[in-house]
Each structure stands twice: as C-alpha cells, then as structure tokens.
Amino acid sequence: MNIKAVQGEFKESEHRYILEPCFEGPEFLEKASANNRELLERMGFNGRENTNAVIPSGQSIYAYVGLGKREKFSTEIMRRSYSKAIMAVAKLGAKDIAIIPPPMDNSAFETSYTAAITLYEFDTYRSKKRKFSVENIFIKTDDTNGVKEGSAVGECTNFTREMANQPPSIGTPTLFETKAKEISGIKVTVLGREDFIKLGMGGLEGVSRAAKEPARMVIMEYTGSEEKPLLLVGKGITFDSGGLSLKPPDGMVDMKFDKCGAAAVLGIMKLASTLSLKRHLVGIMALTENLPGGNAYKPGDILKHYNGKTSEIISTDAEGRLVLSDSLAYGIEKYSPSRVLDFATLTGACVVALGNIYAGMMGNDDTFMRELVGASQRTWENVWRLPLDDDFKDQISSKVADIKNTGGRPGGAETAAAFLSNFVGETPWVHLDIAGTAWTEPTTPHVAYLPDGATGFGVRLIYEYLNQKH
Ligand code: BES
Ligand code: MN
Ligand code: ZN
C-alpha cells in the first residue's frame, strides 16, 4: 500500500472515494451543498464522533467523518473516527482513498499513521486474501515529511504485528534472526546455546534446554548518534507451554503471542533504520521456546545468571523473567546504556489488574517513567504505573538461592518486576508488562485500527518517546 501527500484540492474526476472531516453541529451542514445537506439530514448524520456517512455526490463518493464537538476533539477521537471511515470505504471495494485530514497538529502524520495501521490484516496463511483491496492512500497536505514519517511508523507497527502473529512453528528464534539481518544499517550479533553456557547466562540456558528450535539472543545496534545508547530488551518466548509446570490448554492457546516484546523491539529497530533516526539504540531479543521434555529445566532447579545472581525455580512457567535477566545484565555491561526499557508479555496478573487497556509500568527512575507516560498520552498505547517497593523484592527471597522466580499470586506483576530489578543495577530502567495490550481479546476496545491478533504495542510509543527526547 502506498501513502502519498497531495497538494491542493482533490479533483472529483480523479478521486472516487474522498474522506472529509466534519465536526458535530450546524457549521458543517451549512457549508454542504443543498443536495448533500438534505441527504445527510435524512440520514440523521450530524458529525457525532465515531459515526460517518457515505454518500455519492458529483463524480465521487464522500465519506463524511464525524469528529464530535470541536471543544472535545482529541487525537484519539480522530484516530478512531478516521479508521472507522477508512474501513467503511475499504469494505465498499475502494482501491484508492483520498483523505482530507482534520485541522489539528501533526494532521498529516496522524492521518497517514492511522490509515496504515487500519488497513493491516493477518491474511498470510489464508487462501481467501484480504477483505479489502486498497492500493493507494492520498493525503491532502503540504507536509510530505509528516506523511513519510506517519506511514513509516504505521508500516513498522504492522511489521511488528506480522512477526508476532506468526504461528509458533514458523515464528521461531531463527525467523527473528533472519528478519533482524534483513534490516539495513544495523549491526546484528547472535548468541546461541553454546554462548549462553560459555557466558554464564543460566536463565536463557535453563529455559531453552528442552527447546526444539534453536534458541537465540539477537543483539541489534543502530548507531545514529554518538550518545550512550538506549537499550531495548524484548521477551521473545516464541511459544510458552509453561514447560514442566505445564499450562492448561485454555491458557496455552494464545501463547504464540509470548514473543510480542521481541517483535516490538524488532519493529523499533526497523523504524530507526527506515527513518535514519539520529539516536543510538541497542535492541536485544531473548528468543526461545518454553517446552517440557526429559531434558527440560525443572521446578527446584537453581540457575546462575549472567551477573552472578542465582535463582530458585518454583515454576518453569515464570520463564520470561529468566531470559530477560541475562539480557538486561548483558546489555547493560556490554553497552553502558543511558537508560534501559524492556517489553514483555510477562504476567497474567498484569492483565487482571489493568485489563486489555493499559500496559503495566514499573521501574527505578521517576523521570524516565514520567516521560514515558507523556509519550503514551500522544498514542493509543496506554501505560499505567504500578508500584515496585522493596517489600515486593522481599517477597521473592529464597532459602536456597539469591531469589526465587515467583512470589505467589499476590502482586504477581510487581514481584515479576522485582525479579528483573536484580539485573539492572543503578541504570535507569523501566519494565513494560504488555501481557494485556500486545494482542486483542474480546475485552479489547473495539476500534477499527486494532485488527484481530497482535496490536504492535510499543512501536509508536517509543517513536514518541524518542521524539520528545530531542
Ligand atoms: N507468558 C506468560 C504470561 C501471560 C499469561 C501473558 C497470560 C498473557 C496472558 C508468562 O510466562 C507466565 O506464564 N506467567 C505466569 C507467572 C506465574 C507462574 C508466576 C502467570 O502469569 O501465570
Ligand atoms: Mn510462562
Ligand atoms: Zn511467558
């Protein structure tokens, strides 16, 4: 799909489908031609948010996009209303859509981004392909750079979705390695099981012991500036069966999505390369399956992590924190980052606490967390801070090792973060538990820009965060 900036008015002779913004109230109807006004009034359309009216007029078909009252207008209202209208004309079989953006800051960027993420569908393995056949999006704007950036962020979000949606026997650590190496302008280093053993990465070694697919730590470096890097770490469990602490079937069915953190990190690296961002980024993906087997790691095992700390395994299903611990400690030692951010579908407890609406945010640095909240408010990707007092750290102390890998059901999201805090030292660090937001569930808000399956949570958020830090 192509997204292009077009300067000047759209000509009806050239554009069959035209989207036009429309605030609630009489001003819009007053401007409309007499014919249209009568039709829209008969349809009961008055510009309410999240509604639209599709009517033929002249040589074109217009989709009037309701944006609600001007005083209440927000970027999120725009995203929801435009994506719904885009869907409406896409379903009519539109090949080209001409879009007039609403009057707002960054309108070219937001409109392009919204169009890109709305038209993604995971149809790779379906014989009956896409439900719609949009080939070109034209945005009426002089801001060609906004269109370029907005569509790049959208396309990289879709890339993250596509990686995360892969079935577990295809979306393997090897596939992530291959895709990382296809991104131009980044340096890729790959570690395997022999390296985990040699380097003392007991967490990755333990979890990957019974994996059929070769496990990988994939390290990607993008050097767009001389500053100390931002380190991004992603949980990439390509399938989480729970291991010997086996999940029940109902809990296992969506566990191909346990690689969403790694997919987000990969998408952000691709975005940095696509837009030649002037930032220094290191992305680490901790990739392995978590499977049972005669050679699997066991409850009762004690693993020694990269920074020398030992952990007692209570549940082999609390595997995410084990692979992240080595990745965090290794990345911090090797790259001396200014800040570290990890993405992980880490706990069911976080989903219970925050639903499918917010990612849980925990960390050791107030400023960093405040900046992420600020970035998140400009996106649909909500984050909500959860506590991480030292008392949570006490909850995971062990009699036989330095720490244990679960602290029981109470405060499950917080004790998981407390585990990770043992591997970051003093480096400013934030953990995002995206277990509830990385893919859609029936309880996810029904918005047209979130298709079934992986959401790509994290890509836009980090783009905004990096922009704000300039
Ligand atoms: N990948 C899961 C977390 C998860 C569960 C994400 C459901 C999304 C939906 C993680 O590896 C896990 O199994 N966590 C356990 C931890 C427990 C054993 C301490 C959990 O949340 O139940
Ligand atoms: Mn698990
Ligand atoms: Zn998991």
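Side chains included, hydrogens not; waters and symmetry mates left out as well; all remaining heavy atoms used. Here the structure is a predicted model, which is why all the values come from computation and not from measurement. Residues take their numbers from the sequence shown, with the count starting at 1. Whatever order the structure lists ligands and atoms in, that order sets their numbers, starting from 1.
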field: Angle subtended at the Zn ion (ligand 3) by D258 OD2 and E319 OE2, rounded to 10 degrees
entry: 100°
field: Contact (N/O only, under 3.5 Å) between R321 and ligand 1
entry: no
field: Sole residue of D301, D402, L322 in side-chain contact (heavy atoms from CB on, under 4.5 Å) with S311
entry: L322
- prompt: What atoms of ligand 1 come closer than 4.0 angstrom to any heavy atom of A435?
  reply: 6 (C), 8 (C)
- prompt: Can we say K278 and E227 salt-bridge, meaning some charged N sits less than 4.0 Å from an Asp/Glu carboxylate O?
  reply: no
task: Check whether NZ of the Lys or CZ of the Arg R216 lies under 6.0 Å from the centre of the six-membered ring of F176 and within 45 degrees of that ring's axis.
output: no
- prompt: Residues two or more places apart in sequence or in another chain: which of them pass side chain to side chain donor-acceptor pair (under 3.5 Å) with R48?
  reply: none
message: I'd like to know if K304 and E205 make a salt bridge, using a cut-off of under 4.0 Å between side-chain N and carboxylate O.
response: no
N or O contact, T347 vs ligand 1, cut-off under 3.5 Å: no
- prompt: Which protein heavy atom lies closest to atom 3 (C) of ligand 1, and at what distance to 0.1 Å?
  reply: L346 O, 3.4 Å
query: In terms of the angle between their ring planes, are F122 and Y125 parallel, tilted or perpendicular, with boundaries placed at 30° and 60°?
result: perpendicular
query: For ligand 1, is there an atom lying under 4.0 Å from some heavy atom of R409?
result: no
message: Angle between ring planes, Y463 versus F109, binned at 30° and 60°: parallel, tilted or perpendicular?
response: parallel
- request: May I ask you to determine how many protein N/O/S atoms are under 2.8 Å from the Mn ion (ligand 2)?
  value: 4
task: For the atoms OD2 of D240 and NZ of K235, give the angle they form at the Zn ion (ligand 3), rounded to 10 degrees.
output: 170°
- request: For the Zn ion (ligand 3), decide whether L346 has an N, O or S atom at a distance under 2.8 Å.
  value: no
message: Looking at ligand 1, is there an atom of it that comes within less than 4.0 Å of some heavy atom belonging to G412?
response: no
query: Right, does atom 22 (O) of ligand 1 have protein non-hydrogen atoms nearer than 4.0 Å?
result: no
- request: Classify the angle between the aromatic ring planes of F419 and H305 as parallel (below 30°), tilted (30 to 60°) or perpendicular (above 60°).
  value: perpendicular
query: Of all the heavy atoms in W439, does at least one lie under 4.0 Å from an atom in ligand 1?
result: yes
